[in-house]
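Heads up: the structure comes next, in structure tokens.
Computed from a predicted structure; not experimentally measured. These numbers come from the heavy atoms of this one structure, side chains and all, not from hydrogens, waters or symmetry mates. Convention: sequence-line order gives letters A, B, ...; per-chain numbering from 1.
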Amino acid sequence: DTEVTQTPKHLVMGMTNKKSLKCEQHMGHRAMYWYKQKAKKPPELMFVYSYEKLSINESVPSRFSPECPNSSLLNLHLHALQPEDSALYLCASRPLGGVNEKLFFGSGTQLSVL
Amino acid sequence: AQKITQTQPGMFVQEKEAVTLDCTYDTSDPSYGLFWYKQPSSGEMIFLIYQGSYDQQNATEGRYSLNFQKARKSANLVISASQLGDSAMYFCAMRIQTGANNLFFGTGTRLTVIP
């Protein structure tokens, strides 16, 4: 199994809603990532987990709350989002190692905030 | 600070021809890795090819090759025998040994293959 699975593929939510994005991998990777990608822009790093502990938070607003309950699962909890948060949210994972370890990406969740 | 530059917002290539997508980078870290990813309209980022800073030879993966010129800090992607399915966004990315968890992306190049 060499896949990173993200659900849902599409999500529409209001500014007062609470929702969660889910990411799962069974490759034994111990680093997991959340990226945000606006249209026609490169992915921007949000969070990185190493060994299920948060290692990087790129000054992301608190309305985004990541969670890594185990080595295979990564969640992103969303609350009180703004319309400008509409974007493609990509999850990725990689083995912990040197600079040569590539990231495996999921197909993303397209989020629309109304 | 690390920086990746892709100066071609869009490129066109005739089917079956070769095309080069440019990428330059800047880092003071002697140990780094360079990656190319393809992103079709479906959204998934697909890994294409990797080049390490200490690698002596240019990387190749099927129709993809990387023209690595370390002194010029460039890592251009060459796609040979272009196919219609190659139409996509292409991102150059870099990871440095210090802070190896981060992967820095360039702004991308949209490639369109013309029949």
Side-chain angles (χ1 to χ4, degrees), chain A residues 2-11 21 23 25 27 29-51 53-59 68 87-111, chain B residues 2-10 21 23 25 27 29-55 59 61 64 66 68 75 88-111:
Chain A
T2 58
E3 282 190 350
V4 176
T5 304
Q6 288 188 244
T7 54
K9 292 195 181 304
H10 301 274
L11 179 63
L21 309 184
C23 174
Q25 57 87 14
M27 295 178 279
H29 294 171
R30 302 307 294 274
M32 295 188 75
Y33 297 69
W34 281 115
Y35 281 88
K36 173 183 178 180
Q37 187 179 23
K38 302 285 275 185
K40 301 183 181 180
K41 298 288 187 181
E44 298 175 9
L45 184 65
M46 299 176 73
F47 303 103
V48 181
Y49 275 82
S50 297
Y51 294 108
K53 294 192 187 310
L54 185 65
S55 64
I56 295 179
N57 177 343
E58 290 289 317
S59 303
C68 190
L88 179 68
Y89 289 82
L90 291 164
C91 175
S93 71
R94 73 175 180 98
L96 279 171
V99 293
N100 62 323
E101 297 291 354
K102 68 185 181 187
L103 264 64
F104 292 74
F105 282 86
S107 55
T109 294
Q110 187 66 54
L111 174 67
Chain B
Q2 286 64 238
K3 189 176 181 181
I4 294 274
T5 303
Q6 294 180 254
T7 57
Q8 306 155 315
L21 306 185
C23 174
Y25 61 93
T27 181
D29 199 307
S31 178
Y32 53 88
L34 297 157
F35 302 79
W36 277 92
Y37 281 87
K38 170 185 177 182
Q39 188 176 39
S41 56
S42 59
E44 183 178 1
M45 298 284 279
I46 302 167
F47 167 76
L48 296 178
I49 197 166
Y50 166 81
Q51 181 84 42
S53 59
Y54 295 119
D55 292 345
E61 291 282 353
Y64 304 108
L66 205 151
F68 181 48
M89 280 292 288
Y90 288 80
F91 291 99
C92 181
M94 176 173 68
R95 176 185 295 126
I96 61 171
Q97 186 63 50
T98 308
N101 270 338
N102 204 347
L103 185 66
F104 300 93
F105 284 90
T107 51
T109 297
R110 164 118 4 233
L111 177 66

Does the plane of the ring in B:F105 sit parallel, tilted or perpendicular to the ring in A:Y35? Use 30° and 60° as the thresholds.
perpendicular
Below 30° counts as parallel, above 60° as perpendicular, anything between as tilted: where do the rings of B:Y25 and B:Y32 land?
tilted
Of all residues at least two apart in sequence or in a different chain, which pass the side chain to side chain donor-acceptor pair (under 3.5 Å) check with A:S93?
A:H29
Which atoms of [X] are under 4.5 Å from chain B, going by heavy atoms: the side chain, the backbone, both sets, or neither?
X: A:E58; result: side chain
X: A:Q110; result: neither
X: A:L103; result: both
X: A:K41; result: backbone

Looking at B:S42, B:S53, B:G106, B:G108, which makes the most heavy-atom pairs under 4.5 Å with chain A?
B:G106
Going by distance alone, is a donor N or O of one side chain under 3.5 Å from an acceptor N or O of the other, for A:Y49 and A:Y33?
no
Side chain, backbone, both or neither: which part of [X] has an atom under 4.5 Å from a heavy atom of chain A?
X: B:F35; value: side chain
X: B:Q6; value: neither
X: B:M89; value: neither

For a side-chain contact (heavy atoms from CB on, under 4.5 Å) with A:V4, tell me which candidate from A:M27, A:R94, A:M32 qualifies.
A:M27
Enter the distance from B:R95:CZ to B:D29:CG here, rounded to the nearest 0.5 Å.
12.0 Å
Sorted by chain and residue number, the salt bridge (Lys or Arg N to Asp or Glu O under 4.0 Å) partners of B:R110 (sequence neighbours excluded) come out as none
Partner chain B: residue of A:A31, A:P43, A:G106 with the largest heavy-atom pair count (under 4.5 Å)
A:P43
